[in-house]
Structures are given as C-alpha cells and as structure tokens.
2 protein chains.
Amino acid sequence: MTKPSSIAPSPLAYVPFVSVDNMMKLVHHVGIERFLRELADYVEADFRRWELFDKTPRVASHSAEGVIELMPTSDGEVYGFKYVNGHPKNTKEGLQTVTAFGLLADVGTGYPVLLSEMTILTALRTAATSAMAARHLAPRGAKTMAMIGNGAQSEFQTLAMKAIIGLEHVRLYDIDPAATAKCAANLRGLGISVTSCASPEEAMEGAEIITTCTADKQNATILTDNMVGAGVHINAIGGDCPGKTELHRDILTRADVFVEYPPQTRIEGEIQQMPEDFEVTELWQVITGARPGRRSESQITLFDSVGFAIEDFSALRYVRDRLEGTALFEQLDMLADPDDPRDLFGMLQRARPEAAA
Amino acid sequence: MTKPSSIAPSPLAYVPFVSVDNMMKLVHHVGIERFLRELADYVEADFRRWELFDKTPRVASHSAEGVIELMPTSDGEVYGFKYVNGHPKNTKEGLQTVTAFGLLADVGTGYPVLLSEMTILTALRTAATSAMAARHLAPRGAKTMAMIGNGAQSEFQTLAMKAIIGLEHVRLYDIDPAATAKCAANLRGLGISVTSCASPEEAMEGAEIITTCTADKQNATILTDNMVGAGVHINAIGGDCPGKTELHRDILTRADVFVEYPPQTRIEGEIQQMPEDFEVTELWQVITGARPGRRSESQITLFDSVGFAIEDFSALRYVRDRLEGTALFEQLDMLADPDDPRDLFGMLQRARPEAAA
C-alpha cells in the first residue's frame with residue numbers, strides 16, 4: 001500500500017484520546033442524568049456477564065505517601081485498564097487525592113483503541129454503580145436518601161439516585177458545614193429537594209437509603225448500630241481501602257451484605273472488620289437472579305462498595321460508544337506504524353531532518 | 001488562588017506526551033548513537049541500584065491471538081509502567097506485532113509526569129541494554145558481530161554495539177534474504193562495514209559477538225553447539241516468551257549465563273529449557289562488582305535477555321531528562337483539577353455550555 005508520505009502514520013496508528021475538557025463536554029452533550037442512566041445500564045450489562053471476565057486483582061505500588069494502582073480486566077474481546085492513585089495528603093498542596101486515566105485495547109490485535117481521562121468518569125461510574133445496586137436492593141419506591149459526607153462524590157451519588165431510581169429528597173450531613181453548603185448549592189435547580197442537617201441522626205430521619213461517603217483514612221464509626229432502622233438500604237462508599245471503614249461492625253452482622261468481588265472487598269471494604277468467612281452475596285448474582293436481593297421490608301441491605309475494574313471497563317466502553325459521531329476526542333500519534341513492520345529503523349531514518357529535504 | 005477562568009486547567013493538570021513523531025525528532029535531535037550511549041548509561045545506572053527497585057512480575061492478559069502486558073516498577077521516587085502487546089499474526093494484517101507506550105508518575109503525589117510512545121523507545125532500550133551487557137561480558141576489543149535475524153531489532157543492535165563498544169563489522173544472516181537486504185541498506189553510510197551472508201555458519205566467521213534475534217514463536221535451534229566457538233559472547237534476544245527459544249540447550253551448559261531478573265527469565269528466556277535450579281548470574285551483580293563477568297578468553301558468555309521493566313523505566317527517565325529545553329512534546333489535559341478538590345461536580349457544572357455564556 002502506497003502512502004502519500006512514508007513518515008505519515010496510518011489511521012491505525014492513532015489512538016482516540018478524551019481529555020478532561022472533552023469528557024465534560026461529552027457529559028453535557030448527552031445530559032448528565034441520561035449519561036448516568038445509560039452508564040448504569042452498561043455496568044449492569046457487564047455484571048450480568050461477570051463470569052466471562054478476566055478478573056485480576058489490582059496491581060498496587062505502595063509508598064509512604066500513597067498508592068498507585070493498575071486495574072486491568074478483559075471480556076475476551078476488549079481489554080481495559082485504569083491507572084489510579086490515592087494520596088490523602090495531596091489536598092493540602094492543592095492537588096487531587098485521586099487522579100485516574102484509562103485505556104481500552106482490542107484483544108485480537110493488542111492495539112489501544114481509546115485513552116481517556118478517568119477522574120470525572122470514575123466519579124460518574126461510582127455513582128451509577130451505587131444507583132444500579134440500589135435499583136436491586138433498596139426498598140421499592142424509596143424517595144429519600146441521607147447523604148453522610150458531602151465531598152466530591154456526594155452530588156454524583158444524589159443525581160444518580162434521582163436519575164436511576166427516582167430519588168426525590170436528599171438530607172445532607174458533613175462534619176464540615178462548608179462541604180454541606182457546597183453540595184447543597186451544587187444541587188440547587190437540579191430537581192431534587194435538599195435538606196441540610198446538623199447531625200447524622202437528623203440526616204437519617206425518614207431516609208430509606210443511607211449513603212456514607214466520608215474521606216478520612218481511618219477506622220471511623222460514621223454509623224452506629226442504633227442509628228440504623230429496619231428496612232433501610234445502606235450504600236457504603238467510603239470504606240474502600242485497608243484501615244478505612246465507616247460502619248460499626250454490629251451493623252454488618254444485622255445487615256445482608258452485597259459486594260462486588262469478595263477477594264478485593266474482604267481486604268478493602270467494610271467487611272475487612274469481619275472474619276474471613278463472613279457471609280456476603282455477590283451483586284452480579286442478584287442481577288442474574290441466581291441469588292436473592294431484598295427479600296423483606298424489614299431487611300437491612302448493605303452494598304459494601306469498593307469499586308472494581310469491571311465498572312471502569314463498562315464506563316470506558318460506554319464512552320467509546322458515546323463518542324461515535326462527535327468530535328469530542330483528539331487523535332494521539334501513539335503507535336509506531338512503519339509500512340513494513342520489520343523496518344522500524346528505516347521509518348526512523350526517513351524521519352531525519354535531512355531526509356525530509 | 002484565583003484563576004482567570006474557573007474551568008481552565010492548572011499546569012499540574014497537564015501531562016507531557018511524546019508522540020511517535022516527536023520521539024523520532026528527539027532521537028535525531030540528540031543523534032542516534034549518542035542517544036543509544038546515553039540511554040545505555042541510564043540503564044546501567046539503574047542496574048547499579050537494582051536492589052532498591054520495586055520488582056513486580058509483569059501482569060499479562062493472554063488470549064488466543066496474543067498477549068497484553070503491563071510492566072510496572074518504581075525506585076521509590078518515580079513510578080513507571082509500560083503497556084506492551086505481542087500479537088505474532090498482526091504482521092499478516094499490516095499491523096505491528098508489538099506496540100508499546102509508557103508512563104512515569106511522581107510517587108509522592110501519584111500524578112503522571114510523562115506519557116510516551118514506546119515502540120521506537122523499546123527498540124532503542126533493548127539495543128542499548130544488549131550493548132551495555134556486552135561492555136561487561138564480550139571479549140575485550142571485540143570488533144565483529146554476527147547478526148542472526150535481520151528484522152526490526154537488527155539495525156538498532158548493530159548501531160548500539162558500534163556506539164557503545166566500538167563494533168566495526170557486522171555479518172548479517174536471515175532465512176529471508178529480503179530482510180538481510182533491508183538491514184544492509186539501512187546500515188549503509190552509518191560507519192560500519194556490513195557483510196551479507198548465505199548461512200548462519202558464514203555469518204559467524206570471525207565474530208566475537210553473536211546476536212540472535214529471530215521472530216518465529218517456537219522452540220527453534222538457530223544456533224547448535226558445534227557452531228559456537230570458545231571465547232565468544234552470545235547476545236540472545238529472540239528467546240523471550242514461553243515456547244520461544246533460539247539456542248540448543250547444549251550451548252547453555254557450556255556457557256556462563258547472565259540474566260536480568262531470574263524469576264522472569266526462567267519462564268521467558270533461553271533457560272526455560274533448563275531445570276529450575278540451573279545456575280545463572282544476575283547482570284546487575286556483575287555491574288556492581290559483586291559477581292564476576294568475563295573471567296577468561298576461552299569462556300563463552302551468554303546474555304539471555306528477555307527485557308525487564310527497569311530498562312523501560314530507565315528509558316522513560318532518559319527521555320524525560322532529554323525533553324527538557326525542547327518543544328518535542330504536547331501537553332495532554334488528562335487530569336481533572338478543580339479549584340477545590342471536593343468540588344469536582346461544581347467544576348463539571350461550570351463547564352456546561354450555558355454556564356459559559
């Protein structure tokens with residue numbers, strides 16, 4: 001095949017890249033609630049075919065300051081991984097605690113087919129996954145959620161619950177009233193009624209769903225046993241790494257606990273407080289109908305969410321499909337593509353400044 | 001800190017990206033031989049401090065068509081990983097068998113600091129590592145190399161041996177004469193005398209170094225025992241994954257074998273043919289002086305090279321340093337950077353098309 005110039009890369013050599021700016025444009029192009037709804041459907045579809053995924057534990061590189069992780073997975077046709085860091089002290093220097101990006105590749109050729117920012121996308125997929133789980137576990141017709149912890153994830157959680165299960169009211173609480181004020185201001189005009197509360201107890205009044213999403217890396221007790229009434233669904237987001245939990249263990253013994261991937265949740269989730277053989281149900285089995293979800297009005301259900309590679313995979317898959325027909329990506333010249341695969345050196349030599357003359 | 005626009009990312013949100021085009025420009029800006037020499041020094045410097053690296057085995061995702069691997073490492077201050085695929089059948093569809101890219105990140109903050117193409121860079125680092133090993137293991141004053149296998153790596157190997165140990169002659173052989181012709185043409189005018197040979201035996205006449213770098217994925221016997229004379233250094237590049245070897249096992253028993261990282265080489269290298277406890281020397285120990293390299297003129301030394309994550313790390317580190325003061329990179333808007341880390345949602349909302357008006 002003749003090319004106009006021997007050093008111009010072929011279309012195959014380009015990898016579509018979604019920047020932070022384009023990700024925000026894509027979200028608004030689709031509409032944030034529709035984005036969350038469709039994303040939840042992609043996540044649910046991948047949970048439904050859970051068994052065929054290649055499930056590698058995340059590959060973590062720990063340091064005194066934090067952790068850098070690679071989270072790969074594959075469905076046999078598409079391979080994906082996410083790079084994500086967690087550095088709690090970053091906030092003090094005006095940096096993000098967590099940044100992320102991700103990649104999809106074609107399993108058949110090994111060629112990358114999408115590179116994307118994933119800081120915003122992870123916030124969206126975490127919320128979409130929570131709401132998708134609530135669709136299966138929360139009391140039918142739940143309208144009110146207590147949102148304990150009003151940080152970066154709180155608005156996404158609230159809006160996903162509105163978009164996916166029809167939530168109407170959110171009751172906010174944070175130990176820092178400024179965080180509550182920020183969250184309330186951000187939710188204004190989005191079609192959800194917001195009540196700012198002075199205590200966790202006040203936030204939980206009348207709530208059918210309790211979402212915990214606080215930031216401190218410690219074994220905290222955001223919820224004690226006597227605060228949790230019969231019949232609620234607890235969506236526990238913040239207990240997501242070793243040494244970081246939010247719930248008193250007595251709640252775990254009263255609740256039916258649902259998890260993403262037990263080997264990971266036993267290390268990172270709320271159930272790290274419990275014995276190795278503590279009984280849990282895998283969420284994907286509820287979705288396929290293999291195991292029951294909510295069985296009674298008085299049952300306490302608990303989604304002990306830590307975030308799993310398949311959710312990132314679903315999110316990248318959704319973004320890739322949604323990008324089609326838009327101009328919301330750049331083409332990165334990331335793959336060397338000589339005319340003759342054996343002639344990489346010739347390609348390099350033809351790129352000499354003298355050779356171009 | 002006030003910013004001119006609340007949605008413009010801060011400089012910290014940008015990740016320098018080296019495209020294929022810019023990598024080629026950088027190589028020519030530095031000069032290819034100087035690039036190889038300096039790169040070999042970076043690799044050697046990292047081998048010298050081998051023990052402080054975080055050495056994770058590569059994380060592989062296998063399929064019927066090939067493999068996709070992530071190769072992470074860290075020196076405690078900088079973290080790096082390479083994405084690399086291996087798909088032998090790609091060539092038939094006009095695609096590369098191997099493509100790669102890599103990333104460096106700051107361990108203290110977890111923020112990525114460099115994203116780079118690594119198809120070309122891997123070819124350079126593989127050759128630089130071979131020549132660096134030859135500097136420690138080949139007969140002193142070696143001037144002639146037999147180059148068996150004249151594919152994509154062959155010119156890089158030859159030029160690195162010239163730049164780093166002063167090689168003067170190369171004797172080429174490939175089962176496909178077209179590959180030999182391509183290699184000879186590419187090496188013309190680069191200050192090395194080239195002899196094209198009709199058999200491996202002819203290629204080895206007078207050679208003090210034998211480099212094997214063939215492509216077929218099978219247990220092949222490119223070299224048999226009677227072909228290898230006393231005193232040579234064998235630089236075995238092509239035996240680099242399970243089921244792919246190039247040397248007859250009798251050669252391995254006669255030679256002193258030097259490897260990068262034994263747990264990986266025992267699976268991927270020539271020594272996969274040998275028992276688990278087959279004696280090898282780690283190259284980094286030769287470099288630090290802890291173990292002897294070449295001890296006599298009649299000794300056969302063998303560098304059983306499979307490529308290790310630390311070499312990619314060194315290469316990325318070198319590129320990062322070399323980029324300084326050039327314009328040979330783009331700035332990717334890959335990291336979300338809200339003014340207030342807790343206000344990711346507010347950043348997203350301010351990016352609404354209506355909000356800009």
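Just so we're on the same page: letters track the sequence lines, and every chain starts at 1.
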If I measure from the heavy atoms of chain A, does [X] come under 4.5 Å with its side chain, its backbone, both, or neither?
| X | value |
| --- | --- |
| B/Phe101 | side chain |
| B/Leu190 | side chain |
| B/Val59 | side chain |
| B/Asn186 | both |
| B/Ser61 | both |

Heavy-atom contact with chain B under 4.5 Å, split by part of [X]:
| X | result |
| --- | --- |
| A/Ala179 | both |
| A/Asp174 | neither |
| A/Ala185 | neither |
| A/Val27 | side chain |

Do you see a donor-acceptor pair shorter than 3.5 Å between the side chains of [X] and [Y]?
| X | Y | value |
| --- | --- | --- |
| A/Thr109 | B/Asn90 | no |
| B/Thr99 | B/Thr119 | no |
| B/Thr97 | B/Lys89 | no |

Picking from [options], which has the most non-hydrogen pairs under 4.5 angstrom with chain B?
| options | value |
| --- | --- |
| A/Thr91, A/Asp54, A/Leu103 | A/Leu103 |
| A/Met23, A/Met118, A/Met334, A/Gln153 | A/Met334 |
| A/Lys25, A/Gln96, A/His29, A/Glu117 | A/Gln96 |

Rounding to 0.5 Å, atoms CD (B/Gln157) and CD1 (B/Ile237) come to a distance of 4.5 Å

So, taking the atom named OG1 in A/Thr158 and the one named CZ in B/Phe345, what distance separates them when rounded to the nearest 0.5 Å? 8.5 Å

Taking atom CD of A/Glu77 as the centre, does the number of heavy atoms from other residues, nucleotides or ligands within less than 6.0 Å exceed 12? no

Based on non-hydrogen pairs under 4.5 Å, which of B/Gly108, B/Gly66, B/Ala100 is most in contact with chain A? B/Gly108

Shorter than 4.5 Å, heavy atoms on both sides: which option in B/Glu93, B/His28, B/Glu330 has the most such pairs with chain A? B/His28

Hey, do the aromatic rings of A/Phe313 and A/Phe53 have their centres closer than 6.0 Å? yes

